[in-house]
Asker: 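Below is the structure I would like to discuss, written out as structure tokens.
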Amino acid sequence: MSDPAASRPTAAPSLSGLDRYFGLTAQNSNVRQEMRAGLTTFLTMSYILFVNPQVLSTAIDVPNAFVQLLMTTAIAAAFGSLAMGLIAKYPFAQAPGMGLNAFFAFTVVQGMGVPWQTALGAVFISGVLFVLLSVLGARQAIVQAIPNSLKFAITGGIGAFLAFLGLKNAGIVIANPATLVGMGSLASPTVWLASIGVILTAALMARKVTGAILYGILTTTVLGMVTGAAVYAGGPEGALRSFPGFDGSFLGIFGTPVWPGDLVGQMDIVGALGLGLLSVVFTFFFVDFFDATGTLTGLSQRAGFIDAQGNMPRARRLFSMDGLAAMFGAFMGTSTTTAYVESAAGVGEGGRTGLTAVTVAVLFLLSMFLWPLASAIPAAATAPALILVGALMMDGVRHIDWDDIADSLPAFLTIIVMPLTFSIANGVSLGVISYCAIKLLSGRAKQVSPILYAVAAALLARYIWLTEG
């Protein structure tokens with residue numbers, strides 16, 4: 001007789017609570033892969049711990065401003081990434097955004113004379129608007145209205161933007177007053193170190209080495225240390241210097257956290273609601289709306305979360321998280337917290353679930369204690385990751401119909417404008433406006449969603465308003 005037990009179906013392997021919550025198996029991932037991806041993302045964006053305080057300290061006058069701003073930057077980044085990972089369950093990190101911090105410090109506070117507390121209130125209000133539009137479904141409706149050609153172009157444009165940022169950080173591309181940009185000196189330590197990093201990381205990727213991007217960053221960092229290459233900030237008169245070591249901290253890597261008590265809860269919401277500041281609120285809202293929407297759409301496209309109909313899972317939660325992060329960041333005392341395009345490095349390393357973002361959050365919290373260790377990663381070591389991930393993100397442009405000028409020109413403008421204007425929002429804006437205009441004037445108006453026409457009209461009105469202003 002046959003054994004009855006042998007005919008029973010084999011029970012599915014039990015999944016851990018972590019696996020069930022984040023859906024690791026469903027995304028063909030595992031804890032180790034997600035944590036490695038999170039570390040990669042953190043390393044590519046950890047510069048914000050030092051750059052954001054440098055920018056904001058020019059406008060925010062509190063005792064020990066740099067250290068307090070470093071701490072609030074870490075806390076805001078940890079909260080934003082944690083919300084993205086635990087609530088939206090996406091592998092995208094958040095932190096105070098570059099560009100918006102400069103607008104906050106130099107234009108609003110220093111240029112317009114707005115108190116920094118009131119400017120924080122404007123950031124908080126813009127965050128509230130983000131959440132409302134996301135909960136109402138407006139942001140996901142806009143994403144669904146964007147044609148696939150522009151979605152692929154947004155992803156490619158972000159790739160070009162990342163590569164340009166990496167080339168800039170490496171010193172390979174520099175400013176030139178005669179030609180806008182030029183070639184950096186090949187004798188520069190940052191150039192040769194980053195170039196070695198690109199070749200080494202690419203070779204590891206070609207060999208299908210798991211963790212190639214992370215290994216590339218760490219190996220390039222060690223190479224910079226042992227060769228004494230002048231690739232670290234802090235030299236005399238702004239010059240770069242060799243690795244200075246871990247001076248002034250316990251055992252060389254531990255620093256004492258400082259609670260940013262002079263920043264927390266200082267935002268002035270009532271003052272920001274004044275008529276004279278509505279334009280400031282609108283600018284914070286508009287720029288981050290399209291910058292974050294473009295970033296999240298491009299990253300989702302790259303990670304394979306968007307289906308053929310333009311839908312993405314948990315869209316309302318996804319788009320609400322940058323608004324929630326902006327509100328919390330303003331409460332903590334920093335400019336707009338938003339989704340980071342450097343998350344593409346973690347996606348390229350295999351990050352597919354919210355565990356990647358949670359890992360980033362934990363690392364930002366640890367950086368409050370280990371910030372001397374985080375400072376050991378020079379920009380020249382993370383630049384290769386940005387360049388290579390940028391190259392990978394160009395893959396989708398082959399799906400664009402380049403024979404149809406109504407599709408190809410808006411796509412091209414989207415891709416090329418992002419790096420040349422150093423703005424994802426500008427690339428998305430010009431792509432949408434040109435797409436709608438060409439379709440309308442070529443007799444193909446019905447191919448465009450009414451929602452996209454409305455968005456294009458609003459974008460065009462903003463550019464006209466800025467010109468007149």
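FYI, side chains are in, hydrogens and waters are out, and symmetry mates aren't considered; it's all heavy atoms of this structure.
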Asker: State whether the side chain of Glu34 and the backbone N or O of Thr353 hold a donor-acceptor pair below 3.5 Å, judged by distance alone.
Answerer: yes
Asker: Suppose we screen for ring pair (Phe, Tyr, Trp, His ring centres under 6.0 Å). Which residues come up paired with Tyr435, at least two apart in sequence or across chains?
Answerer: none
Asker: Relative to the ring of Phe42, is the ring of Phe364 parallel (under 30°), tilted (30 to 60°) or perpendicular (over 60°)?
Answerer: perpendicular
Asker: Give the intermediate values and the outcome of side-chain contact (heavy atoms from CB on, under 4.5 Å) for residues Phe66 and Ile60.
Answerer: CA-CA 9 Å; Phe66 184 88; Ile60 296 179; over 6 Å; no
Asker: State, with a plain yes or no, whether a side-chain heavy atom of Leu296 is found less than 4.5 Å away from one of Met84.
Answerer: yes
Asker: Under the side chain to side chain donor-acceptor pair (under 3.5 Å) test, which residues partner Ser149, sequence neighbours left out?
Answerer: none
Asker: Using modelled atom types only, decide if a donor and an acceptor are shared between the side chain of Ser300 and the backbone of Thr297 within a distance under 3.5 Å.
Answerer: no
Asker: Do the side chain of Thr58 and the main chain of Val55 share a donor and acceptor less than 3.5 angstrom apart?
Answerer: yes
Asker: Using 30° and 60° as the class boundaries, would you call the ring planes of Phe243 and Tyr232 parallel, tilted or perpendicular?
Answerer: tilted
Asker: Taking the side chain as everything from C-beta on, heavy atoms only, tell me whether Met418 gets closer than 4.5 Å to Asn426.
Answerer: no
Asker: Any non-hydrogen side-chain atom of Asn52 less than 4.5 Å from a side-chain atom of Ser335?
Answerer: yes
Asker: Using the salt bridge (Lys or Arg N to Asp or Glu O under 4.0 Å) criterion, which residues pair with Lys168? Sequence neighbours excluded.
Answerer: none
Asker: Identify, with sequence neighbours excluded, every residue that meets side chain to side chain donor-acceptor pair (under 3.5 Å) alongside Arg207.
Answerer: none
Asker: Would you call Pro63 and Asp262 a side-chain contact if the rule is heavy atoms closer than 4.5 Å?
Answerer: yes
Asker: Can you check whether Ala93's main-chain N or O pairs, donor with acceptor, with Ser81's side chain at less than 3.5 Å?
Answerer: no
Asker: Apply salt bridge (Lys or Arg N to Asp or Glu O under 4.0 Å) to Glu349 and list each qualifying residue two or more places apart in sequence or on a separate chain.
Answerer: Arg36
Asker: Which residues pass the side chain to side chain donor-acceptor pair (under 3.5 Å) test with Ser343, sequence neighbours left out?
Answerer: none
Asker: Flag the pair Phe331 / Thr72 as yes when at least one side-chain heavy-atom distance between them is below 4.5 Å, and no otherwise.
Answerer: no
Asker: Decide side-chain hydrogen bond (donor to acceptor under 3.5 Å, both in side chains) for Asn169 and Thr382; before the verdict, give the C-alpha distance in whole Å, the side-chain angles of both, and the deciding distance to 0.1 Å.
Answerer: CA-CA 8 Å; Asn169 290 347; Thr382 57; 5.2 Å; no
Asker: Surrounding CZ of Arg241 (heavy atoms of other residues, nucleotides or ligands, distance under 6.0 Å), is the total greater than 12?
Answerer: yes
